[in-house]
There are 2 protein chains.
Amino acid sequence: MKQPGRAERLEEASPVALRTVRADARRNLDALLEAAKAVFGTSGVDAPVREIAARAGVGIATVYRHFPQRSDLVAAVFRREVDACAAAAPTLGRAHQPVEALARWLRRYTSFIATKRGLAAALHSGDPAFDALPAYFRQNLEPALQSLLDAAVRAGQIRDDVEAYELLRAVGNLTLATGDDGVLQGRRMVDLLIDGLRFGARAPAASLPSKRRRPQR
Amino acid sequence: MKQPGRAERLEEASPVALRTVRADARRNLDALLEAAKAVFGTSGVDAPVREIAARAGVGIATVYRHFPQRSDLVAAVFRREVDACAAAAPTLGRAHQPVEALARWLRRYTSFIATKRGLAAALHSGDPAFDALPAYFRQNLEPALQSLLDAAVRAGQIRDDVEAYELLRAVGNLTLATGDDGVLQGRRMVDLLIDGLRFGARAPAASLPSKRRRPQR
DNA sequence: AGTGATACGGAACGACGTTCCGTTTGTCAA
DNA sequence: TTGACAAACGGAACGTCGTTCCGTATCACT
């Protein structure tokens, strides 16, 4: 099962000349990912495959040629967005002051999470296509955030006792837990969190324990 | 919408004579709930309606007459099991020593949770039929467990700084988080938790903080 | 320009949730 | 008991979904 397909061989060997992959195939794959991202954002990850195919201007079979199962498409879109979000970190880091870059990236991350309604449930559905996703998420986003955090700490603009992963989880929960309505409310909470990071900057503060207080409720 | 149905009126007025509800209807409803419970337990809450109807020896339309939507059936089975689980508490409390009753009830509760794979996802699906379920869960199970806890504390058999709701959540997470395989492993962890309750009995213990340590990871 | 592999579109399939409707069955009055 | 009517029934039928199949069109290379 799963014949290798002689195209992929060349693709890995010579990253520049990726011939033997037909132009229309590549074009359709891009359109598909783009359409899926848009549709998932508006209708959730449970949107029908037909709707995505229609939006991409493509037949249904084309979807299934690139992604043997529906869940593979979901996973591919997810990975692509993780990549884009991670890639935004160094760009922002170069363009802004450390703490500003951090704030902007967290907002970027927030809007990424906001489009993922319904995916949290899918992740626990047991579909093997999603097995590798949590690890992919962490492996890419944690270093991206970590670098921004480090820079801000070095600049003395934020406290130094918060780790990237816990911040990722906290912000993620903050924007998901607000339900369907409070996208703005979630963003406000994230801003509050960022101010919290600023508060302890360059001040080990005897009154502040090294761990955040347990969130109430 | 949701016409009252003249049958229910009498049902409330005279608890004994519940005429005007045809005998076969009541019989089928019971069979349906029973079958759904069994099927949900083996095939998960996503099992087809047809399978449940077949198991109950009933037509599909009969299912939809009693439960206008599939999710209503799921909710009804859930409520029924919550009721049964809550009702087990006083029974066990009368039949055993306090800490033994507590342990038995928690295991009972564990096996209830174990059949709920896939329901956690359904709860967050946004279906209005599930809106009231979390509150129903807590309102019934928390007092049931609380009474067992209180009895065990009064008997000096367990520590007194654990609240019913946090224990409900902890045991719930413990048995759900173990994934598909570790039903037994989950049960072992719950037993461990019960031993933890015993440990601090009648001993305020200066070395033990009043709150459990944060779970690692 | 010709040719063979590659990718395409859309009809078709099976399974699902849900609805419809002709038929059966329980209940109550006579 | 029997008759009649509302209540409840069963299963075919509908629309939608994920997925597969297959005849056709398109790209890449000579």
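Below, chain A is the first sequence line, B the second, and so on; all start at residue 1. Note that this is a predicted model, so its numbers are computed, not measured.
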Grab the CG-P distance between B:D127 and C:dG17 for me, whole Å please. 13 Å

Short side-chain N/O contact from A:Q69 to OP1 or OP2 of D:dT19, under 4.0 Å: yes

Could A:D195 and A:R198 be called an ion pair, given the rule that one side-chain N must be under 4.0 Å from one carboxylate O? yes

Starting at the 5' end of DNA chain C, which residue's closest nucleotide do you reach first, B:Y64 or B:D24? B:Y64

Whole angstroms only, please: what is the CG-P distance between A:L73 and D:dT19? 11 Å

For residues 67-82 of chain B, please give each side-chain donor-acceptor pair under 3.5 Å, one per line with the distance, not counting sequence neighbours.
{"from": "B:R70", "atom 1": "NH1", "to": "B:A47", "atom 2": "O", "distance (Å)": "2.6"}
{"from": "B:R70", "atom 1": "NH2", "to": "B:V45", "atom 2": "O", "distance (Å)": "2.3"}
{"from": "B:S71", "atom 1": "OG", "to": "B:D127", "atom 2": "OD1", "distance (Å)": "3.4"}
{"from": "B:S71", "atom 1": "OG", "to": "B:D127", "atom 2": "OD2", "distance (Å)": "3.2"}
{"from": "B:D72", "atom 1": "OD2", "to": "B:Q69", "atom 2": "N", "distance (Å)": "3.0"}
{"from": "B:R80", "atom 1": "NH1", "to": "B:E34", "atom 2": "OE1", "distance (Å)": "3.4"}
{"from": "B:E81", "atom 1": "OE2", "to": "B:K116", "atom 2": "NZ", "distance (Å)": "3.1"}

Got a sec, which residues hit side chain to side chain donor-acceptor pair (under 3.5 Å) with B:Q139, two or more places apart in sequence or on another chain? none

To the nearest 0.5 Å, atom CG of A:L193 lies from atom OG1 of A:T110 at 9.5 Å

Once hydrogens and angles are ignored, does a donor-acceptor distance under 3.5 Å link the base of D:dA7 to the side chain of B:R22? yes

Sorted by chain and number, sequence neighbours left out, side chain to side chain donor-acceptor pair (under 3.5 Å) with B:D131 holds for none

Does a side-chain N or O of A:H66 approach OP1 or OP2 of C:dC8 to a distance below 4.0 Å, or not? yes

Give a yes/no answer on whether the side chain of A:N28 brings an N or O atom under 4.0 Å of OP1 or OP2 in C:dA7. no

Whole angstrom value for the distance that separates P of C:dA7 from CZ of A:F67: 14 Å

Could you work out, with side chain to side chain donor-acceptor pair (under 3.5 Å) as the rule, every residue matching B:R107, not counting sequence neighbours? B:D191

Would you mind listing every side chain to side chain donor-acceptor pair (under 3.5 Å) that reaches into residues 83-104 of chain A, with sequence neighbours excluded? A:D83-A:Y136, A:H96-A:R104, A:E100-A:R104

In whole Å, I'd like the distance from the CD1 atom of A:I52 to the P atom of C:dG9. 15 Å

Identify all pairs in which a protein N or O lies below 3.5 Å from an N or O of nucleotides 11-17 of chain D, and state each distance.
{"from": "D:dA13", "atom 1": "N6", "to": "B:R50", "atom 2": "NH2", "distance (Å)": "3.2"}

To the nearest angstrom, how far is A:R26 atom CZ from D:dA28 atom P? 12 Å

Could you give the CZ-to-C1' distance, from A:R27 to C:dC8, as a whole number of Å? 12 Å

